[in-house]
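We count ligands from 1, going down the list as the structure has it; atoms in each ligand are counted the same way.
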Amino acid sequence: MLIISIETSCDETAVSLVIADGEFPHASYEIAGNGLWSQVDAHAQYGGVFPMVAKREHARTLVPMLLQATEQSDLLENHPTDLSEADQVTLRELLAHEEGLADALIEFCAHHSLPKIDLIAVTSGPGLEPALWVGVSFAKALAHITGAPVVPVNHMEGHILASIYDVERDDMLSDISFPAVALLISGGHTELINMSNWGTYDKVGQTRDDAVGEAFDKVARLLGLPYPGGPQISRLAAEARKANLPEFAPLPRPMINSGDLDFSFSGLKTAVRYAVADKELTDDERAAVARDFEDAVTATLLKKTSTAVAGTSAQTLIVGGGVSANQFIKRAFESHFLTVHPDCTVYFPAPSLATDNSIMIALAGHARATSALSPAGAIDIRADGNKSL
Ligand code: KG4
Ligand code: ZN
């Protein structure tokens, strides 16, 4: 099964070509082509993601990413696609709200033909709705050209599957034991999910204010570091640990003893704001703040997740979302679980699949299309910024 997958929920524009062999979760995959464009530079001046800028950037870069993925795959055919006048009118209608995208796609078709596509997987939510619509409309346009069905994908399910994807073996870890707990930590989400089986999700905890990635980004801004803040904070924190720098300020671990599985990160961010207010920080002090913040976040995530795992005697913990790229958090989880929950196996994604990408969308689309997991709403797909698992 040849899958084209599309991800435009936030500030990464991604298109992949993935060949899947078999049915989920016993399939093997070949990542034939992968186009991934980070919009970081376009958003840097705003210190965060600006939805209308994201929308415009997706429209500008989707066709270049399609070209990159298909060229890498060696499956691109260098002869024009047979498009009638009526086809072109339809494509223009489908892409009417996406500036320049219809022209770019019709131009692509004037020179190239896509191979036979079996499935188009597209993120339909959650995310920034104007950004999601670009991908959804593009998927519909590709469906018109190729005749392939479109399956809508939940971005968070994509993160879960990315975390259990074995990049060396190119397959999904089908021997996952249930019940499982998923901790999803990204720029927009912080959630604890109980999974009694594949595709069965019960949200048992979430942030009451900022998402953990958002907190990393905001604290980075307070420290004068560029967006996205997660990797920057984590780099400085590692330096502070190596140099054994003293604590800069005591920071709270919000809600750590609240007795439920919810999180709160805005108080932590505010505590950092007060601690650094009106001060000219030295490089060492900035590194110490980054480390103190990362320590506080890690302690909170670990405590709540450990409680969730104990509550269901989960045999598997799946950590996913952009923040799961953080190696300090990963090591803290791995060593804690090894001693406290030795029967629970912990999965973090390969670094290349931790932050947003379209390979995870292909995996989730394939799962929905080939298993009993229902491909809900496949007929009239709409972007849904608040889509839940
Ligand atoms: O999943 P993702 O790529 O996009 C969303 O779906 O939101 O997550 C992006 C978030 C950003 O907030 C970014 O700062 C954070 O993930 N992030 C990190 C690291 N790498 C990315 N946070 C902490 N440490 C990292 N190494
Ligand atoms: Zn994400």
* Taking atom OG1 of T300 and atom CG of L251, what is their separation to the nearest 0.5 Å? -> 10.5 Å
* To do: Go through the structure and list residues passing salt bridge (Lys or Arg N to Asp or Glu O under 4.0 Å) with D87, not counting sequence neighbours.
  => none
* **salt bridge (Lys or Arg N to Asp or Glu O under 4.0 Å) against D384, all qualifying residues, sequence neighbours excluded** => none
* Using 30° and 60° as the class limits, which term best fits the ring planes of F337 and F333: parallel, tilted or perpendicular? -> parallel
* Which residue, L17, I3, I31, forms the side-chain contact (heavy atoms from CB on, under 4.5 Å) with I359? -> I31
* Which is the closest N/O/S atom of H155 when seen from the Zn ion (ligand 2)? -> NE2
* Structure fact -> The side-chain hydrogen bond (donor to acceptor under 3.5 Å, both in side chains) partners of S258 (sequence neighbours excluded) come to D260, K304
* Would you name the heavy atoms of G135 and I6 that are closest together and state the gap between them? => CA-CG2, 4.0 Å
* To do: Kindly confirm whether the Zn ion (ligand 2) is within less than 2.8 Å of some N/O/S atom in H159?
  => yes
* Asked: With a cut-off of 2.8 Å, does C10 place any N/O/S atom under that distance from the Zn ion (ligand 2)?
  -> no
* Closest N/O/S atom of D356 to the Zn ion (ligand 2), by atom name? -> OD1
* To do: Tell me yes or no: between the side chains of T61 and T13, is some donor less than 3.5 Å from an acceptor?
  => yes
* Residues in the immediate environment of ligand 1 (any heavy atom closer than 4.0 angstrom) -> H155, H159, S186, G187, G188, G213, F216, D217, P228, G229, G230, P231, G321, G322, V323, A325, N326, T355, D356
